[in-house]
Amino acid sequence: MSSFETTIGLEVHVELKTKSKAFSLSPVNFGDPANENTNVIDWGYPGVLPSANKGALESGMMAALALNAQITRDVHWDRKNYFYPDNPKSYQVTQQQTPIGHDGYVEIKKEDGTSKRIGIKELHVEEDAGKNSHSGKGYSLVDLNRQGTPLVEIVSQPNISSPDEAYLYLEKLRQLIQFTGISDVKMQEGSMRVDINISVRPIGAEKYGTKVEIKNVNSFQYAKNALAYEEQRQRDELMAGHIIGQETRRFDEPTKSTILMRVKEGADDYRYFPEPDLPVIHVSDEWIKAVKSSLPETADDRIARYINKFALSKKEAAVLTQTLEMANFYDQVVDDGADPKRTANYLIGDVNAYLNETQLDLQDTKLTPGHLSGMIKLIDNGTISTKQAKKVFTAITDGEEPKAYVEKNGLVQLSDPNKLTPIINQILDDNQQSIDDFKGGKDRAIGYLTGQVMKKTHGNANPKIVHEILLAELKKR
Amino acid sequence: MTDFFNENLTSLHKKLVDKEISATELTKEALNKSKSSQSEINAFITIDDEGALKRAAEIDAVGIDPDNILSGIPFAIKDNIVTKGLKTTAASHILDNFVPVYDATVIEKLNELGIVTIGKTNMDEFAMGGSTETSYFGKTANAWDHTKVPGGSSGGSASSVASGVIPVALGSDTGGSIRQPAAFNGIVGLKPTYGRVSRWGLIAFGSSLDQIGPLTRTVEDNARVLAAISGKDQRDTTTEDQSVPDFTKGIKKGVKDLRIGVPKEYFAKGIDEGVKDVVKKAIAKYESSGAKVDEVSLPHSKYGIAAYYILASSEASSNLERFDGIRYGFSARQDGQTLEDLYVRTRSEGFGDEVKRRIMLGTFALSAGFYDAYFKKAAQVRTLIVNDFAKVFENHDIILGPTTTSPAFDLGSENDDPVKMYMNDLLTIPLNLAGLPGMSINAGFTDGLPVGLQIIGKRFDESTIYKTAYAFEQDSQLFTKHPGVNF
Amino acid sequence: MSESLPREDAAHVAKLAKLHFNDQQLNLFTGQLANILDLVETLNEVDTDGVKPTYTVSDNINVLREDVAVKSNQKNELLANAPETQDGQIKVPAIIDEES
């Protein structure tokens, strides 16, 4: 057993999906040509003034509510001063003194079945910086498209005690935020970014150990890897009698280790002060109520609904709500009239397998809720067999319309008794032994006969109807 | 030849409407006067011959709007108010090549009304100063005595109006930068209520203090320009949703029964005796016109300077961080330099000493360990100053006192002593801290130099200020006096 | 509060403000700033216990705009004002210790 305990605090930046920037009218749009979405405010021109985006502030309130946090009633904006090429005014507008949310929590469910509340110290709305890129030839280039994009920064309490907990916290946090609809929360696109602080101390020590910051963590898995490495490194250092330096380290993916970036000399001096260009904000009860009522259904509420209304298992409901896209997709397919249970099976089985295989996000595939519901309804009403559905599924992942595909390829299931009865009688005529077996009480004979019918019809016969006709015809003999 | 000393907006408008003079002719005269005055008073950083004439021609082509008194009127604009396509420097080396890509809201509004911008006026660098001597583009002279300072920071605007080279000008006032030069040059300068005029396009100095306002020869002209530039602006969310009245309406109502408070602190030791005499006489005039004059107290006003220099410098230190040589303006680039070197070189070469002093002071006041003792303390004292005024205004309509502690001083006399220079703002600063409107009008002369009477009103009550100012102006007829030199 | 400004503090502040002063300038500035701070120290005469600070005199509350985007189409003008550009971006000396 280890004689050390680990303290982890996470700062998560979530980029908001507003139409315009936090303090300027420029569009928020990922992937446009450099500096396309910029104006004089984004460039920090002399004489410009900010105007605060109500949508960004309300998104911050939604995040606070989703994380069970208190809403701050008297909010003012602050300036955080530092020089950097991607920071045009040389100050960032943020909510240092009066974060919009404070004292919340996220509940994680650990593998051993226990739960733990990870405290949220505060959430604040602020503006993102632009992007610097490096030529490697003695200069860098600045694109201000991202400058001013609203962010919510979520600061956890330092009560995360292991890399596993950190991973679970990040997953739960992403889910909670994603279901509010305020952000895509995608690590790979930078709409969710994680800064890590970790320290280690001997169990029972009064003071926390020296905090080390880890940057360049681009996925939850990397966060876990980086923390695991860093936890061990700090323990080893302490065991060896070394002192942990206050430093910033970088996660190195190939070696799954952390590498020293720089040693911190004292605290940064950001010279925060209240932003005089923006009026103060008073948040009333009514305002909070209105924002609360505009919050979409949470993941937990959806899970409950899926279990109660659609009789899904807890596990099925949990898988469907792992991402908002999947849950929304499920709801749309079911709303369209597809059988809820069968839809769940398809999403959890074939669709997830397809996503894993292609490494695509659901919304980036050609699969649509309409096509999936179309296919499932064809199964539901007996038009196609589940076996035929395999082919149809492949087709709808290529964007084909299921009904048209089925008709074009003659995949229609044979359900017509007038067509099936002669085939069945032919089979019976050829299999007197099976008839005798059946009459002798051997039920297995039915299975054999059904198989023969399916073989004869190339798998297109409706097994249910075949079964019914078989029984009727057997009785006649 | 149009003699601006004998004109006001009403008379110029009449001449334009009656086609006695065209906008182009008027513009040419203003351009000529401005240019010929440069060697004497150096009021302008940029004179825009081409742009002004083009604009005047457009106005002549459309015709003067008879319902719009500013149609075709030449204006001078302080060079910290951005003008699209016209170089705007804030009198700093760091912006000496800067051509804005947008117009300030006040410029948009005035252009809409058909004004002609003649040029951009000289000022203290980034409006930091009280003498227009910190400009990168040389000093401006006082209209009445070319060896004296014009005051500042709107020295170019004030001196050009007082010298009769332009009928009206815009300035900005953070701690007295409209009122003090108006006083030194014997003209009418108004700092509006904070939130009355949009700051969009005003190169920020102290964001919680800055206001744009008019400098004119007469009170009525001033009221007309204020009405034209006022109003809520979505781009400046500190502008307030207040109706913009016709400030000339009720201007002639007189001052009978007006309740005037005169702060005893505004006549304290250290304030020039000549100034006190002139202002006291002016106040006596009000009394004889039926106003009720009381001595009042603004006990915290003497701490205004200290609070102001912390707050304004702190805000400025942040506002001026954007001048970094990266996106616009002067950039001290060298081959192979580091980013840090670009920053430090650009800012060290680009800013003048006074600006650096204030950046240093403000950065210090906000830095870790000093914030509470300096910035927060100053903000608390500000509250007490706000309360002082509120108390007086509980039973007074207006406050009167001197604008400045002395008349215009000699050029170069206070450059080496920042504290002495700062003390000049003693009487103007408290209004900025409280966000109140204030005006300076000529109250008379001491040793041949104009003395300003400061008229302080309640928030958004500029109308009472105009009424009060108008009564004395009409009574004294001081606006008929002028420096005599005709450019 | 300190009675005056130590020279090291002035040097630290200059560093924060991205300003460089040679020794002579730094001495002059330190002296002048110390004088200004002496003036500022008069604030200590004022009892501000329990006084709420005033950071703005605007009475505006909750002045927020609706979330509507407008494209400026000013990209080219803005780039034209920049000292150096390349490929539609702003060119700066190499940024080391990058962490974006």
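First the proteins, then the strands, lettered A, B, ... as listed; each starts at 1. These numbers were taken from a predicted model, which means no experiment stands behind them.
Comment: B:Asp79 engages B:Lys120 in a salt bridge, judged by a side-chain N to carboxylate O separation of less than 4.0 angstrom. Salt bridge status for A:Glu213 with A:Lys215: present, with a side-chain N to carboxylate O gap under 4.0 Å.
Residue A:Leu25 does not touch chain B at all, counting heavy-atom pairs closer than 4.5 Å. Both the backbone and the side chain of A:Val48 come within contact range of chain B, each with at least one heavy atom under 4.5 Å from a heavy atom of that chain. If you measure heavy-atom distances from B:Tyr194 to chain A, the contacts under 4.5 Å come from the side chain alone. Using a 4.5 Å cut-off between heavy atoms, A:Asp277 touches chain B through backbone and side chain atoms alike. Contact annotation for B:Leu339: only side-chain heavy atoms (C-beta onward) come within less than 4.5 Å of a heavy atom of chain A. Interface remark: B:Ala368 contributes backbone and side-chain atoms alike to the contact with chain A (heavy atom separation under 4.5 Å). Looking at B:Arg327, both its backbone and its side chain come within 4.5 Å of chain A, counting heavy atoms on both sides.
With respect to chain A, the highest number of heavy-atom pairs below 4.5 Å among B:Ile203, B:Thr237, B:Leu342 belongs to B:Thr237. For the options A:Tyr91, A:Tyr139, A:Tyr45, heavy-atom pairs under 4.5 Å to chain B are most numerous at A:Tyr45.
By the 6.0 Å and 45° rule, A:Lys80 does not stack over the aromatic ring of A:Tyr272.
Remark: B:Glu112 CD is loosely packed, at most 12 non-hydrogen atoms of other residues, nucleotides or ligands lying under 6.0 Å away.
Residue A:Ser26 forms a side-chain hydrogen bond (donor to acceptor under 3.5 Å, both in side chains) with just one option from A:Asn37, A:Thr38, A:Asn39, A:Asn145, and that option is A:Asn39.
Heavy-atom proximity under 4.5 angstrom to chain A picks out B:Ser314, B:Glu315, B:Ser318, B:Asn319, B:Glu321, B:Arg322, B:Phe323, B:Asp324 from residues 313-324 of chain B.
The salt bridge (charged side-chain N to carboxylate O under 4.0 Å, His left out) contacts involving residues 88-102 of chain B comprise nothing, where partners must be two or more places apart or lie in separate chains.
Inspection of the B:Thr88 and B:Thr83 side chains reveals an N or O donor paired with an N or O acceptor under 3.5 Å.
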